[in-house]
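Before any comments, here is the structure.
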Amino acid sequence: MSLFTSFRYLVALHREKHFGRAADACHITQPALSNAIRALEEEFGTAIVKRGRAFESFTPEGELIFISAQRMLHEQELLQQTLKGHSEQPVGALTLGAVPSAEPIAARFAGHLHALYPGLKLTVRSMSSPEIEAGLEELSVDIGLGYSDRIKSRPAKLAVMNQYTERYFLLRRASNPTKSGLRIADRPTSWNIASRLPLCLLTPEMHNRTIVDASFKKIGVCVQPAIQTNSILTLGLTVLAGEMYSILPGALVSVLRGYSELEAVPLVDPDVLTPIGFMFVKSDRPSNAMRVTLALANDPEWLTQAMAHVGLLEPRQ
């Protein structure tokens, strides 16, 4: 077994935090993965994994080996892209991490990118903001789509390319459903009115929930939601199922356009506008895959298409 293959198993274990799931991700048996990790421990003369009845964590030495393994795999990928492809039609792997509220836009972006460059092997992962930021620094994520304001507090090596502005809506059942699908109400409603309704919101560890809570705090309200979930799908389905309301950004509202039973109402007082952008590690020699990815992210036609699926972008006049 090559050292690079063992390193890939190590990276999978770091990502999955579970021997069985890591083995499944690598399409091997769990004993084969465990043997590969033990072989690495023998190679480097140190324990990599803290072992109990199940996976616990990496040892400090294991974390150092993981960081070096990630860098070596990254360099190998750059070399393979250079050798196998060319600048006009790059080949190779690229991982895009997206916060849940931006997943619809990330999916559209990945579809456009693959249509232009079919030689790319794209992986799109749903990730929290901290997971994206850590993944970028560890080189396990090539580019992330998320809350660009967070990058201001991160190391200077991370760059951002703004894509659109997230606007928030109150999702409710429509009083007069139409055949044309979900309707965006002409008249907005206030965050204060929304605070009095039975709400289904994301769980507190999600950055989107932090934004929603901060918006209520601006008007002096602390909201206790009737339902909390870490599932974007659940936010919409609870409103469909009963007397429940939710608060969604425009990109998620766009996904629900086919549901005539629903209505999205722009939220105002305050107007909450959150910038969403692509985040990536600055490099003086980006891979061909990253070069074309960033070019598409900055393409006016793509930006126009992205903005068409995120609802109202500007505060009311």
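Without hydrogens or angle criteria, Ser148 side chain to Pro275 main chain gives a donor-acceptor distance under 3.5 Å. Using modelled atom types, no side-chain atom of Asn298 and backbone atom of Leu294 make a donor-acceptor pair closer than 3.5 Å. The backbone N or O of Arg257 sits nowhere less than 3.5 Å from a side-chain atom of Arg183 that would complete a donor-acceptor pair.
Outside the 6.0 Å centre-distance limit, the rings of His18 and Phe55 are not counted as a close aromatic pair.
Smallest separation of non-hydrogen atoms from Pro249 and Glu166: CB-CG, 3.2 Å. Minimum interatomic distance between Phe66 and Leu10 (heavy atoms only, all atoms of both residues): CA-CD2, 3.9 Å. When every heavy atom of Leu33 is checked against every heavy atom of Phe19, the shortest pair comes out as CD2-CD2, 3.4 Å.
No side-chain donor-acceptor contact under 3.5 Å links Gln70 and His14.
Cluster note: Ile227 groups with Met244 through ILVMFWY side-chain heavy atoms spaced under 4.5 Å, whether in direct contact or through intervening members.
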With a 3.5 Å cut-off and sequence neighbours excluded, list the donor-acceptor pairs that the side chains of residues 192-203 form with protein atoms.
{"unit_1": "Ser195", "atom_1": "OG", "unit_2": "Asn192", "atom_2": "O", "d": "2.5"}
{"unit_1": "Thr203", "atom_1": "OG1", "unit_2": "Glu205", "atom_2": "OE1", "d": "3.2"}
{"unit_1": "Thr203", "atom_1": "OG1", "unit_2": "Glu205", "atom_2": "OE2", "d": "2.8"}

*Before giving the answer on side chain to side chain donor-acceptor pair (under 3.5 Å), spell out for Thr238 and Tyr245 the whole-Å C-alpha distance, their side-chain angles and the decisive distance to 0.1 Å.*
CA-CA 8 Å; Thr238 54; Tyr245 298 76; over 6 Å; no

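By the 4.0 Å N-to-carboxylate-O rule, Arg150 lies close enough to Glu133 to be salt-bridged with it.
By the 6.0 Å contact criterion, CD on Glu261 is enclosed, its count of non-hydrogen atoms from other residues, nucleotides or ligands being greater than 12.
Counting only heavy atoms from C-beta outward, the side chains of Ile219 and Asp269 never approach each other to under 4.5 Å.
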